Amino acid sequence: MKPKLLITRKVFPEVIEALSGCFEIDHNINDDAWTPEELRRRASVCRALYVVASDRVDAALLEACPELVMIATGSVGYNHIDLDACNARGVLVTNTPDVLTEATADMAWTLLMAAARRVSESERWLRAGQWGRWAWDQFLGADVHGSTLGILGMGRIGSAIARRGMGFSMRVIYCNRSEAPGAAALGAARVGFDDLLAQADHLVLVLPYSTATHHIIGERELGLMKPTASLINIARGGIVDDAALAAALRGHRIAAAGLDVYENEPALNPSLLEAPNIVLTPHIGSATRSSRLGMAMLAARNLLAVEAGEPPVTPLNAAVLKAPR
Ligand code: 8YV
């Protein structure tokens, strides 16, 4: 009998084809996500789970799954998975780094440029039929070329964003716990947190979410930014205090924001919808076909490798493989 695998979202047919030889698959082919109860009921008989970032994998779910040996998430971020609880139960977890780096860096730039040059705001105005005449001062935005790009979290995606800044003759500064390898080659200088906030013309957030990064950008931090600055978040909801950001935009304490991720998404803080000069996208940072297929196939390759007794390709907690279950 093949081991049972639960796939929580409709995934590319190539992935099902790759996995079906090895697993008996329970696949959610509906557009709606399962409720936590339904997810728990279906997962309870499975040996492996193939999840996405909007599936919460907590201790209660693990508790309900006595046969579970592995979870493959189709995301690089893994704050939706209680890794400590997985370690305690000897459950291997894998994620999907690298394959989405460039597409996500492109998206950061898409939001940066759209926010800085007021693309969404002016398009909404145009669509509303308000364009009666041309004026010198219509929708003046901020320069991107030659400005200062700030990056909070200089990992793989942060470095890819910084590299693009070179093409716009930008000064690049970043804040990280330690010196980022390769940053010097990109001409990027490490600065302290408050200096990053104060000096960046365009600040891009690329931090994972954790209790340590919860609301790392709130009222105080927004107050340190330049009134002409833009803030871009392509990382995770919750690292920005969305209500404080909407208030800062309304009060013109910063000039613009581009968000792909939100606290409590897919629900949005209504004040964001009302805020001026904000560009909002629905968590599509990695959403190009090649990137999403790359992520989906990498998650599948991890499952297949482990099932074949081989090392996983991109494990998050490889140590559990050595520990007795
Ligand atoms: C995913 C992401 O598309 O990889 C991540 O961590 O946030 C996105 O690239 C999304 O999480 C779907 O799982």
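This chain uses plain numbering: 1 for the first residue, then up along the sequence. Not measured: the values here are computed from a predicted model.
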Exceeds 12 heavy-atom contacts within 6.0 angstrom, atom CZ of Arg117: no
Can a side-chain donor-acceptor contact be found between Arg190 and Asn176 if the only test is distance below 3.5 angstrom? no
Does the pair Arg89 and Glu63 meet the rule for a salt bridge (Lys or Arg N to Asp or Glu O under 4.0 Å), with working shown? CA-CA 9 Å; Arg89 299 185 72 89; Glu63 191 66 39; 3.2 Å; yes
Note: with side-chain heavy atoms under 4.5 Å as the link, the other cluster members for Ile29 come out as none
Do other residues, nucleotides or ligands put more than 12 heavy atoms under 6.0 Å from the CZ atom of Arg124? yes
Check: Asn302/Thr314 side-chain N/O donor and acceptor closer than 3.5 Å: yes
Parallel, tilted or perpendicular: which one describes the rings of Tyr209 and His214, with boundaries at 30° and 60°? perpendicular
Exercise: do Asp260 and Thr281 side chains pair donor with acceptor under 3.5 Å: yes
Give a yes or no on whether the backbone of Ala114 and the side-chain of Arg118 come within a donor-acceptor separation of less than 3.5 Å. no
Transitively linked via ILVMFWY side-chain contacts under 4.5 Å: Leu83 with Val76? no
Can you tell me if Glu38 has over 12 outside heavy atoms packed within less than 6.0 Å of its CD? yes
Do Thr8 and Asp55 get their side chains close enough for a donor-acceptor pair, meaning under 3.5 Å? yes
For Ser230 and His202, test the side chains for any donor-to-acceptor distance below 3.5 angstrom and give the result as yes or no. yes
Within a radius of less than 6.0 Å around CH2 of Trp134, do more than 12 heavy atoms belonging to other residues, nucleotides or ligands occur? yes
Please determine, by modelled atom types, if His215 and Glu263 share a side-chain donor-acceptor pair under 3.5 angstrom. yes
If only side-chain N and O atoms count, and only distance matters, is there a donor-acceptor pair under 3.5 Å linking Arg133 with Gln138? no
Tell me yes or no: between the side chains of Ser54 and His80, is some donor less than 3.5 Å from an acceptor? no
The test is ring-ring contact (aromatic ring centres under 6.0 Å, His included); show your working for Trp109 and Phe168 and say whether it passes. CA-CA 11 Å; Trp109 269 87; Phe168 283 80; 4.7 Å; yes
